[in-house]
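Working notes for the structure below.
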Amino acid sequence: MSSNPVAETVASLMPRAKEELTELVAFRSVADFDQFPRSESEGAARWVADALTAEGFQDVALLDTPDGTQSVYGYLPGPAGAKTVLLYAHYDVQPPLDEAAWTTPPFELTERDGRWYGRGAADCKGGLIMHLLALRALKANGGIPVGVKVIAEGSEEMGTGGLERYAEAHPELLAADTIVIGDAGNFRAGLPTVTSTLRGMTLVRVRIDTLAGNLHSGQFGGAAPDALAALIRVLDSLRAEDGSTTVEGLAGGAAWEGLEYGEEQFRKDAKVLDGVELIGSGTVADRIWARPAVTVIGIDCPPVVGATPSVQASARALVSLRVPPGVDAGEATKLLQAHLETHTPWGARVSTEQIGEGQAFRADTGSPAYQAMAAAMAVAYPGQEMQYAGQGGSIPLCNTLAALYPSAEILLIGLSEPEAQIHAVNESVSPDELERLSVAEALFLRNYATG
């Protein structure tokens with residue numbers, strides 16, 4: 001990184017950043033209180049609130065959101081007449097999955113091979129540290145030239161919408177001229193990237209019942225309708241032969257215009273096993289950024305260990321459907337539910353329930369804030385031009401903020417480049433990316449203030 005005072009300050013702060021991320025990762029802040037103690041999320045929220053208070057933020061508050069979680073808010077006034085920038089991240093994390101499969105404990109930040117490993121290190125506790133580093137670097141080099149609001153969400157990974165509903169009920173709270181969402185990532189490590197589109201999502205639980213109770217498969221199997229077999233057929237109907245998503249009535253042929261994603265690079269990033277084909281049609285970018293994608297993310301059925309020779313009376317699954325910009329998530333939900341119900345065989349009883357939803361998002365990349373970010377990233381990443389990419393994931397808050405503040409510019413950056421393996425075992429963050437993106441954010445705030 002080329003020498004400049006902001007970059008030098010951020011570099012000097014990296015040991016402190018590692019200590020703070022270690023403290024924050026230690027909280028098992030999964031916002032599923034049936035699996036993880038509520039106290040862990042509340043502890044993480046207090047940590048964030050204390051950090052903002054220590055940086056001089058005013059009106060620091062733990063906001064009790066309608067989904068039963070807490071978001072953390074703080075405001076740091078800028079010079080008279082200055083613009084206001086909202087910085088977003090979330091402190092809740094995905095469950096660690098199989099903790100025994102982690103090379104090192106998921107809630108202990110561990111350095112290995114030049115990366116820092118731990119659940120939430122990149123998604124998105126590292127994003128909170130990125131915001132703090134940027135602000136500290138500016139304070140040490142002439143001051144922060146804009147007003148800053150920080151909001152740290154407590155249930156983003158659950159998709160339960162607590163912060164969206166809170167913001168809608170308190171529309172003045174998060175008002176800003178520009179919003180920086182620190183929950184995306186570079187297309188690859190070392191390539192500065194802003195995310196210009198996000199797919200929306202819906203989560204639907206489907207349940208199939210066929211019998212009053214389980215039956216002996218020897219005595220009744222062959223005639224008794226098997227609920228698990230019916231569920232398998234229903235789920236299989238959601239994909240074409242090539243693996244493309246096929247929800248009846250949902251368009252699936254859009255094309256991505258922008259940065260392309262080579263198949264070999266994707267295979268490497270996704271760690272696809274040798275000989276296993278990619279699914280779907282069109283370019284990789286088409287498939288992951290511009291088209292709908294269904295994923296069965298959970299099935300309730302007997303585990304192999306301890307299974308009995310029984311015909312199953314009931315079975316259920318949780319189905320995730322990602323929808324691209326231009327597709328209303330509510331309409332996609334109705335189409336998905338209708339598809340599941342229509343394709344249930346043998347007259348089995350079927351019920352569907354939506355448990356989460358978020359709209360897709362498309363940014364205005366021609367705005368002044370994007371020009372300010374491009375100039376900042378050119379300094380933080382010498383010799384590289386800022387790229388525009390899509391992201392297959394969802395950040396439902398983006399559309400809520402876009403609707404509440406239609407004149408605000410929204411940028412998405414962050415630490416979740418492919419090597420980070422977010423949501424998977426052995427999630428990690430690159431400290432080099434954390435350092436460079438913190439510099440970029442600090443320089444962006446300075447550029448934006450004078451632009």
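All figures in this text were calculated on a predicted structure; none of them were measured in a lab. All heavy atoms count here, side chains included; hydrogens, waters and symmetry mates do not.
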Next on the checklist: What's the separation between atom CG in Leu235 and atom CD1 in Ile299, rounded to the nearest 0.5 Å?
Outcome noted: 5.5 Å
Item to check | With sequence neighbours excluded, residues passing ring-ring contact (aromatic ring centres under 6.0 Å, His included) with His131 | outcome: none
Item to check | Pairwise distance CE(Met386) to OG1(Thr365) - rounded to 0.5 angstrom | outcome: 8.0 Å
Checklist entry - Of all residues at least two apart in sequence or in a different chain, which pass the side chain to side chain contact (heavy atoms under 4.5 Å, CB included) check with Thr160? => result Asp67, Ser155, Met158
Item to check | Contact check, side chains of Asn426 and Arg119, non-hydrogen atoms, under 4.5 Å | outcome: no
Next on the checklist: Could you tell me if the side chain of Val180 sits less than 4.5 Å from the side chain of Val85, heavy atoms only?
Outcome noted: yes
Checklist entry - Should Glu417 and Arg436 count as an ion pair when the cut-off is N to O under 4.0 Å? => result no
Checklist outcome for this item: Contacts satisfying side-chain hydrogen bond (donor to acceptor under 3.5 Å, both in side chains) that involve residues 366-378 (not counting sequence neighbours) are Ser367-Glu409
Checklist entry - So, the side chain of Lys83 versus the backbone of Pro145: is there a donor-acceptor pair under 3.5 Å, distance only? => result no
Next on the checklist: For the backbone of Gly68 and the side chain of Arg38, can you confirm whether one donor and one acceptor N or O come within less than 3.5 Å of each other?
Outcome noted: yes
Item to check | Evaluation steps, salt bridge (Lys or Arg N to Asp or Glu O under 4.0 Å), between Glu353 and Arg316 | outcome: CA-CA 11 Å; Glu353 175 190 9; Arg316 65 178 188 166; over 6 Å; no
Checklist outcome for this item: Closest heavy-atom pair, Gln384 versus Leu191, reported as atoms and distance to 0.1 Å, is OE1-CD1, 3.4 Å
Checklist entry - Does any non-hydrogen side-chain atom of Val72 lie less than 4.5 Å from one of Ile151? => result no
Checklist entry - Below 4.5 Å, heavy atoms only, C-beta onward: do Ser41 and Val30 meet side chain to side chain? => result no
Next on the checklist: Applying ring pair (Phe, Tyr, Trp, His ring centres under 6.0 Å) as the test, list every pair that has at least one member in residues 250-299; sequence neighbours left out.
Outcome noted: Phe187-Tyr261, Trp256-Trp289, Tyr261-Phe266
Checklist entry - Counting N and O atoms only, with roles assigned by atom type, does the side chain of Arg287 sit under 3.5 Å from a partner on the main chain of Ser244, one being a donor and the other an acceptor? => result no
Next on the checklist: The criterion is side chain to side chain donor-acceptor pair (under 3.5 Å); which residues satisfy it with Thr9, sequence neighbours excluded?
Outcome noted: Asn141
Checklist entry - Are Thr84 and Val146 side-chain neighbours, meaning at least one heavy-atom pair lies under 4.5 Å? => result no
Next on the checklist: Which residues pass the ring-ring contact (aromatic ring centres under 6.0 Å, His included) test with Phe36, not counting sequence neighbours?
Outcome noted: none
Next on the checklist: For Arg28, is there any backbone N or O sitting under 3.5 Å from a side-chain donor or acceptor partner on Glu40?
Outcome noted: yes
Checklist entry - Around Glu385, counting heavy atoms of other residues, nucleotides and ligands shown, do more than 12 lie under 6.0 Å from its CD? => result no
Next on the checklist: Is the shortest side-chain heavy-atom distance between Leu415 and Asp123 below 4.5 Å?
Outcome noted: no
Checklist entry - Is there a donor-acceptor pair under 3.5 Å between the side chain of Lys125 and the backbone N or O of Phe27? => result yes
Next on the checklist: Are the side chains of Glu168 and Thr400 in contact, using a 4.5 Å heavy-atom criterion?
Outcome noted: yes
Item to check | Exceeds 12 heavy-atom contacts within 6.0 angstrom, atom CZ of Arg207 | outcome: no
Next on the checklist: Please report the interatomic distance CD1(Ile144) to NZ(Lys139), rounded to the nearest 0.5 Å.
Outcome noted: 6.0 Å
Item to check | Pairs involving residues 404-451, ordered by first then second residue, that meet ring pair (Phe, Tyr, Trp, His ring centres under 6.0 Å) (sequence neighbours left out) | outcome: Phe444-Tyr448
Checklist entry - Measuring from Gln391:CD to Leu412:CG, what's the distance to the nearest 0.5 Å? => result 7.5 Å
Checklist entry - Taking only residues two or more places apart in sequence or in another chain, which ones pass side chain to side chain donor-acceptor pair (under 3.5 Å) with Ser438? => result none
Checklist entry - Considering all heavy atoms of both residues, which atom of Ser71 and which atom of Gly154 are nearest to each other, and what is their separation? => result OG-N, 3.7 Å
Next on the checklist: Would Thr245 and Arg239 count as a side chain to side chain contact (heavy atoms under 4.5 Å, CB included) here? Give the steps.
Outcome noted: CA-CA 5 Å; Thr245 293; Arg239 293 192 183 278; 4.2 Å; yes
Checklist entry - So, Asp269 versus Gln265: side-chain donor-acceptor pair below 3.5 Å or not? => result yes
Next on the checklist: Looking at Ala254, is its backbone amide N or carbonyl O close enough to the side chain of Arg291 to form a donor-acceptor pair, meaning the two atoms are under 3.5 Å apart?
Outcome noted: yes
Checklist entry - What residues, two or more places apart in sequence or in another chain, satisfy side chain to side chain contact (heavy atoms under 4.5 Å, CB included) together with Ala134? => result Glu441, Ala442
Next on the checklist: Taking ring pair (Phe, Tyr, Trp, His ring centres under 6.0 Å) as the cut-off, I'd like each qualifying pair that reaches into residues 70-100, sequence neighbours left out, listed once.
Outcome noted: none
Item to check | Ion pair check, Arg115 and Glu433, cut-off under 4.0 Å | outcome: no
Checklist entry - When rounded to the nearest 0.5 angstrom, what is the spacing between CG in Asp286 and CD in Glu260? => result 6.5 Å
Checklist entry - Residues two or more places apart in sequence or in another chain: which of them pass side chain to side chain contact (heavy atoms under 4.5 Å, CB included) with Glu357? => result Ala329, Thr333, Gln354, Gln359
Checklist entry - Which atom pair, heavy atoms only, marks the closest approach of Asn186 to Thr193? => result OD1-N, 3.0 Å
Checklist entry - Quick one: does Arg199's side chain have a donor or acceptor within less than 3.5 Å of a partner on Ile288's backbone? => result yes
Item to check | Pairs where residues 141-171 contributes a residue and the test ring pair (Phe, Tyr, Trp, His ring centres under 6.0 Å) is met, not counting sequence neighbours | outcome: Tyr166-His170
Checklist entry - Is the number of heavy atoms from other residues, nucleotides or ligands within 6.0 Å of CD (Gln58) greater than 12? => result yes
Next on the checklist: Can a side-chain donor-acceptor contact be found between Arg165 and Thr65 if the only test is distance below 3.5 angstrom?
Outcome noted: no
Checklist entry - Taking it one step at a time, do Glu419 and Arg188 satisfy salt bridge (Lys or Arg N to Asp or Glu O under 4.0 Å)? => result CA-CA 8 Å; Glu419 292 180 66; Arg188 65 174 182 269; over 6 Å; no
Checklist entry - Is there a donor-acceptor pair under 3.5 Å between the side chain of Trp102 and the backbone N or O of Glu427? => result no
Checklist entry - Do other residues, nucleotides or ligands put more than 12 heavy atoms under 6.0 Å from Glu257 CD? => result no
Checklist entry - Between Asp92 and Glu157, which heavy-atom pair has the shortest distance, and what is it? => result OD2-N, 2.8 Å
Next on the checklist: Any non-hydrogen side-chain atom of His339 less than 4.5 Å from a side-chain atom of Leu238?
Outcome noted: yes
Checklist entry - Shortest non-hydrogen contact from Thr197 to Pro325? => result CB-CG, 3.9 Å
Item to check | Nearest non-hydrogen partners of Leu318 and Ile355, listed with the distance | outcome: CD1-CD1, 3.3 Å
Checklist entry - Does Arg136 come within less than 4.0 Å of Glu20, counting only side-chain N to carboxylate O? => result yes
Checklist entry - Nearest 0.5 Å, what's the CD1-CZ distance between Ile297 and Arg205? => result 10.0 Å
